[in-house]
Engineer: 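Below is a structure I'd like to ask you about.
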Amino acid sequence: MRKRQQSPVQTPFFVPRNVGKEPEVLDKKPQFHLDLWFYFTVQNWILDFGRPIAMIVLPVEWFPLNKPSVGDYFHMAYNIITPFLLLKLIERSPKTLPISAVYICIITFVMGASIHLVGDSVNHRLILSGYQLHLSVRENPIMKDLKPETLIDSFELLYYYDESLGHLMWYVPFFVIFSLYFTGCFTRCSRDSRMPLSAWLLLGPSSLYYWYLVTEGQIFVLYIFTTFAMIATVMHNKRKGLVMDSNGLFLFYSFCIALVLISAWVAFLWNDKILRKKYPGVMYVPEPWAYYTLHIKKTL
């Protein structure tokens, strides 16, 4: 009798790492991801923090107002490089992570950052026309004489996409991915719970950038909830005899130092009446660029 040929086992074209297994912490010795943390720090400072600075420094004549500016190109590069680095970070996690949640976060992150790209691009062109960041949309001098007045509603919608919806869709998945990654940054060996010299050198620039991210992005509530979630994760793993590895320590210390810097920033501007008017309520966290247009730009 002829034997029936068995059909070859079909496998997916791409099988993500650690998919299909129960979540577990591997026993292999954790290593500090110097290359990824260094790339994160450099590209955050250049492409995110340096974006508006490049628009101020470079001549306006090089970038017409009806064309993308140098800041827009910085933002485009950020929208491509950051998701790639986040995926590489998740890939190196020693713990199995929910891959569907990671993919959804990455997709939402790219969409939110792209919405912000458009809104921020128009917003910076308004600044060149006299728009003042420390004032609301309707209180800006260039808006008061705008006809018809319904156009002001359109600019308020633009502001909503830029500062509210865009920031939420950008930063919520950003911090969710870091939180997921942090759950795998634990080890049973106390000797691995120490940071190398390279991590200490990167800690200052990393913490300072998170201060800028939280204050300029107006995401203090999201940030503080993420920090509390990290603290709860540390306490939960401590009861199981686990301690943070070098990557977990670096991320945790960066968030804690940033919290100290934010507190100092708020205390410094606590009695600023003009900024208080723009940022009413209990959560008073002024934006650095609003402070720049109010107190520094006029002196230059």
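This is a predicted model, so every value here is computed, not measured.
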Engineer: Locate the shortest heavy-atom distance separating N247 from H33; write the atom from each residue and the value.
Structural biologist: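 Minimum heavy-atom separation between N247 and H33: OD1-N, 3.0 Å.
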Engineer: Ignoring hydrogens, what is the shortest heavy-atom contact between L222 and T226? Give both atom names and the distance.
Structural biologist: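 Looking at all heavy atoms of both residues, the closest pair is O-OG1, 2.8 Å.
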Engineer: Going from OG on S121 to OH on Y73, what distance comes out if it is rounded to the nearest 0.5 angstrom?
Structural biologist: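 That separation rounds to 10.0 Å.
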Engineer: Do F220 and L259 touch side chain to side chain, with heavy atoms closer than 4.5 Å?
Structural biologist: yes
Engineer: Measure the CG-CD1 distance between L85 and I177 for me, rounded to the nearest 0.5 Å.
Structural biologist: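 If I round to the nearest 0.5 Å, the distance is 11.5 Å.
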Engineer: What's the shortest heavy-atom distance between R194 and L249, and which atoms?
Structural biologist: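 Result for this residue pair: N-CD1, 3.6 Å.
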Engineer: Check the orientation of Y223 and F255. Use parallel for under 30°, tilted for 30 to 60°, and perpendicular for over 60°.
Structural biologist: parallel
Engineer: Which heavy atom of S193 sits nearest a heavy atom of M244, and at what distance?
Structural biologist: OG-O, 2.8 Å
Engineer: Do F49 and V57 share a hydrophobic cluster (ILVMFWY, side-chain heavy atoms under 4.5 Å, transitive)?
Structural biologist: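 Yes, same cluster.
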Engineer: Considering only NZ, NE, NH1 and NH2 on the basic side and carboxylate oxygens on the acidic side, decide whether D153 and R138 come within less than 4.0 Å.
Structural biologist: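 Yes, charged N to carboxylate O under 4.0 Å.
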Engineer: Between D245 and T187, is there a side-chain donor-acceptor contact under 3.5 Å, judged purely by atom types and distance?
Structural biologist: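 No - no donor-acceptor pair under 3.5 Å links their side chains.
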Engineer: In terms of hydrophobic clustering (I, L, V, M, F, W, Y; side-chain heavy atoms under 4.5 Å; direct or indirect links), are L197 and L203 co-clustered?
Structural biologist: no
Engineer: Under 4.5 Å between any side-chain heavy atoms of Y131 and N123, yes or no?
Structural biologist: yes
Engineer: Does a salt bridge link R51 with D120, judged by any charged N lying under 4.0 Å from a carboxylate O?
Structural biologist: yes
Engineer: What are the two closest non-hydrogen atoms of Y171 and L213, and how far apart are they?
Structural biologist: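 Looking at all heavy atoms of both residues, the shortest contact is CE2-CD1, 3.2 Å.
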Engineer: Can you tell me how far the NE2 atom of H236 sits from the CD1 atom of I231, to the nearest 0.5 Å?
Structural biologist: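 One gets 15.5 Å once the value is rounded to the nearest 0.5 Å.
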Engineer: To the nearest 0.5 Å, what is the distance between OH on Y291 and NE2 on H295?
Structural biologist: 5.5 Å
Engineer: Under a 4.5 Å side-chain heavy-atom rule over Ile, Leu, Val, Met, Phe, Trp and Tyr, are V221 and L165 clustered together?
Structural biologist: no
Engineer: Which side-chain N or O atoms in residues 107-114 pair as donor and acceptor under 3.5 Å with protein atoms at least two apart or in another chain?
Structural biologist:
unit_1 : atom_1 : unit_2 : atom_2 : d
T108   : OG1    : I104   : O      : 2.8
S114   : OG     : V110   : O      : 2.7

Engineer: Is there a chain of hydrophobic side chains (I, L, V, M, F, W, Y, each step under 4.5 Å between heavy atoms) that links F175 to L36?
Structural biologist: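 Result: yes, single cluster for both.
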Engineer: Any idea how W37 and F40 line up, ring-wise: parallel (<30°), tilted (30 to 60°), or perpendicular (>60°)?
Structural biologist: tilted
Engineer: Mark yes or no for whether R276, through its side chain, and W270, through its backbone, hold a donor-acceptor pair below 3.5 Å.
Structural biologist: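 Yes.
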Engineer: Quick one: sort the Y284 and Y279 rings into parallel, tilted or perpendicular, breaks at 30° and 60°.
Structural biologist: perpendicular
Engineer: For the side chain of S93 and the backbone of I90, is there at least one donor-acceptor N/O pair under 3.5 Å apart?
Structural biologist: no
Engineer: Could you tell me whether the side chain of T293 and the main chain of A290 form a donor-acceptor pair under 3.5 Å?
Structural biologist: yes
Engineer: Mind listing the closest non-hydrogen atom pair of H116 and H75 along with its distance?
Structural biologist: ND1-NE2, 2.9 Å
Engineer: Could you verify whether a donor N or O on one side chain and an acceptor N or O on the other, from D48 and Y212, lie under 3.5 Å apart?
Structural biologist: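 D48 vs Y212: no donor-acceptor pair found between side chains.
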Engineer: Does N79 reach the main-chain N or O of M76 with its side chain, forming a donor-acceptor pair under 3.5 Å?
Structural biologist: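 No, because the side chain of N79 does not come within donor-acceptor range (under 3.5 Å) of the backbone of M76.
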Engineer: Working to the nearest 0.5 Å, report the span between CD of E91 and CG of L89.
Structural biologist: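 If we round to the nearest 0.5 Å, E91:CD and L89:CG are 10.0 Å apart.
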Engineer: Taking C-beta and beyond as the side chain, do M230 and C256 meet within less than 4.5 Å on heavy atoms?
Structural biologist: no
Engineer: Establish whether F225 and M169 are linked, either directly or via other cluster members, by ILVMFWY side-chain heavy-atom contacts under 4.5 Å.
Structural biologist: no
Engineer: Give a yes or no on whether the ring-centroid distance for F178 and F182 is below 6.0 angstrom.
Structural biologist: no
Engineer: Parallel, tilted or perpendicular: which fits the ring planes of W265 and F268, with parallel below 30° and perpendicular above 60°?
Structural biologist: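 W265 and F268: tilted rings.
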